[in-house]
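Structure first, then comments.
Computed from heavy atoms alone, side chains included, the values below leave out hydrogens, waters and symmetry copies. Nothing fancy with the numbering, it's 1 onward along the sequence.
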Amino acid sequence: KQVCPELSIINIGGGLPVPNSLYFDYDYDYMLSEIVLQVKKVCKEEQVPVPDIYSEFGKYTVAESGSMAFSVLQQKQQNDRERWYMIDGSLMTTLPDSWGIGERFILLPLNKWENEYHRVNIGGLSCDQYDYYNSEVHVAELYMPKLDDKAPLYIGFFNVGAYQESLSGYGGTKHCLLPSPQFLLLDRDEQGALTSSVFAPRQSVDRMLDVLGYE
């Protein structure tokens with residue numbers, strides 16, 4: 001995409017898809033080999049030196065570093081066919097690509113795996129009609145465990161570590177003034193035990209008012 005003849009460098013940008021065996025099985029060796037082959041072919045035709053190739057495969061590199069967890073607040077029956085799980089957050093503010101470009105993330109229940117499953121739509125807390133995640137937009141039908149009175153159902157979106165936070169922004173003002181969620185860092189200690197620490201607390205009302213210029 002960008003060529004510097006003096007240094008013989010070409011930047012081919014990004015775009016390498018995220019490894020996700022739940023939906024797609026990509027042949028990365030073929031993709032990368034084809035890129036190199038096409039660059040060499042054009043250079044030969046134009047009789048110019050073959051450049052060093054640089055890339056920016058951000059999503060492929062860091063998508064697995066982040067995930068987002070929600071709890072289901074309540075179940076809502078919209079009509080005879082539509083069942084909604086209303087979560088304690090907004091998909092529009094925390095996972096903007098889910099509605100903006102129809103991005104598919106790995107979505108799994110975090111508990112109640114032994115419960116019976118049924119088809120649902122996931123709805124966010126904002127007032128916007130597009131604040132949802134369901135099977136009409138996404139290829140796979142969306143099945144989640146049935147709710148019970150024992151404990152809340154928690155759900156997780158995975159492979160969100162590439163662009164979602166940079167797009168939604170942390171600590172600013174979001175759609176419908178929904179606060180930024182709490183951010184945790186998960187790691188393993190020297191013995192291999194899982195550890196966690198709070199990177200940033202949940203955004204407070206006072207902090208949001210301060211961003212808006214109120215004292």
Side-chain angles (χ1 to χ4, degrees), residues 15-26 58-60 62-148 151-184 186 200 202-203:
L16 197 67
V18 177
N20 185 347
S21 59
L22 291 181
Y23 296 110
F24 304 104
D25 184 16
Y26 298 108
K59 183 176 291 187
Y60 176 85
V62 300
E64 294 178 346
S65 68
S67 60
M68 185 68 66
F70 299 97
S71 64
V72 177
L73 298 175
Q74 190 58 264
Q75 175 179 298
K76 176 183 178 182
Q77 192 70 36
Q78 185 73 16
N79 47 49
D80 292 340
R81 300 178 59 186
E82 293 185 24
R83 182 181 295 107
W84 288 81
Y85 276 3
M86 309 307 296
I87 60 173
D88 61 342
S90 168
L91 297 162
M92 292 189 69
T93 61
T94 54
L95 302 175
D97 276 351
S98 66
W99 65 270
I101 61 174
E103 178 77 15
R104 290 188 290 273
F105 298 102
I106 298 174
L107 170 60
L108 295 171
L110 303 182
N111 61 338
K112 300 184 184 295
W113 285 48
E114 71 283 355
N115 285 13
E116 184 180 353
Y117 282 65
H118 57 181
R119 183 176 175 178
V120 299
N121 304 296
I122 305 296
L125 280 180
S126 81
C127 63
D128 200 287
Q129 62 176 331
Y130 295 109
D131 196 0
Y132 68 90
Y133 193 100
N134 72 358
S135 59
E136 290 182 3
V137 175
H138 304 281
V139 173
E141 289 190 335
L142 214 166
Y143 285 88
M144 284 286 141
K146 290 186 175 181
L147 303 183
D148 55 41
L153 171 66
Y154 296 95
I155 62 175
F157 291 85
F158 298 87
N159 278 6
V160 306
Y163 300 117
Q164 300 316 291
E165 185 56 34
S166 60
L167 288 172
S168 63
Y170 179 80
T173 55
K174 299 180 184 289
H175 184 56
C176 288
L177 295 184
L178 293 173
S180 296
Q182 177 176 249
F183 278 71
L184 303 178
L186 302 181
R202 186 174 184 269
Q203 188 180 27

Looking at [Y], is its backbone amide N or carbonyl O close enough to the side chain of [X] to form a donor-acceptor pair, meaning the two atoms are under 3.5 Å apart?
| X | Y | value |
| --- | --- | --- |
| Asp97 | Glu103 | no |
| Asn115 | Pro145 | no |
| Lys112 | Ala151 | yes |
| Arg83 | Arg119 | yes |

How about [X]: does its [atom1] atom have over 12 heavy atoms from other parts shown lying under 6.0 Å from it?
| X | atom1 | result |
| --- | --- | --- |
| Tyr130 | OH | no |
| Asp80 | CG | no |
| Gln74 | CD | no |
| Gln77 | CD | yes |

Can you see which heavy atom on [X] is nearest to which on [Y], and at what distance?
| X | Y | answer |
| --- | --- | --- |
| Glu82 | Trp84 | OE1-NE1, 3.1 Å |
| Met86 | Gly124 | CE-O, 3.6 Å |
| Gln164 | Leu95 | OE1-C, 3.3 Å |
| Ser90 | Asp131 | OG-OD2, 2.9 Å |

Mind checking the [atom1]-[atom2] spacing from [X] to [Y]? Nearest 0.5 Å is all I need.
| X | Y | atom1 | atom2 | value |
| --- | --- | --- | --- | --- |
| Lys146 | Tyr117 | NZ | OH | 12.5 Å |
| Glu116 | Asp148 | CD | CG | 12.0 Å |
| Tyr143 | Leu107 | OH | CG | 14.0 Å |
| Leu73 | Asp88 | CG | CG | 5.0 Å |
| Leu186 | Ser65 | CG | OG | 11.5 Å |

Item to check | Ile155: which of Asn111, Ile87, Val120, Leu110 passes side-chain contact (heavy atoms from CB on, under 4.5 Å) | outcome: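 Between Ile155 and the candidates, side-chain contact (heavy atoms from CB on, under 4.5 Å) is satisfied uniquely by Ile87.
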Checklist entry - Per the side-chain contact (heavy atoms from CB on, under 4.5 Å) rule, which among Leu108, Thr94, Leu91 passes with Phe157? => result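 Testing Phe157 for a side-chain contact (heavy atoms from CB on, under 4.5 Å) against Leu108, Thr94, Leu91 leaves exactly one candidate, Leu91.
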Next on the checklist: Using the rule given for ring pair (Phe, Tyr, Trp, His ring centres under 6.0 Å), can you reason through Tyr133 versus Phe105, listing the C-alpha separation, both sets of side-chain angles and the distance that settles it, and then say yes or no?
Outcome noted: CA-CA 10 Å; Tyr133 193 100; Phe105 298 102; 7.1 Å; no
Item to check | Within-4.5 Å side-chain heavy-atom neighbours: Tyr85 and Gln75 | outcome: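 SC-SC contact between Tyr85 and Gln75 confirmed.
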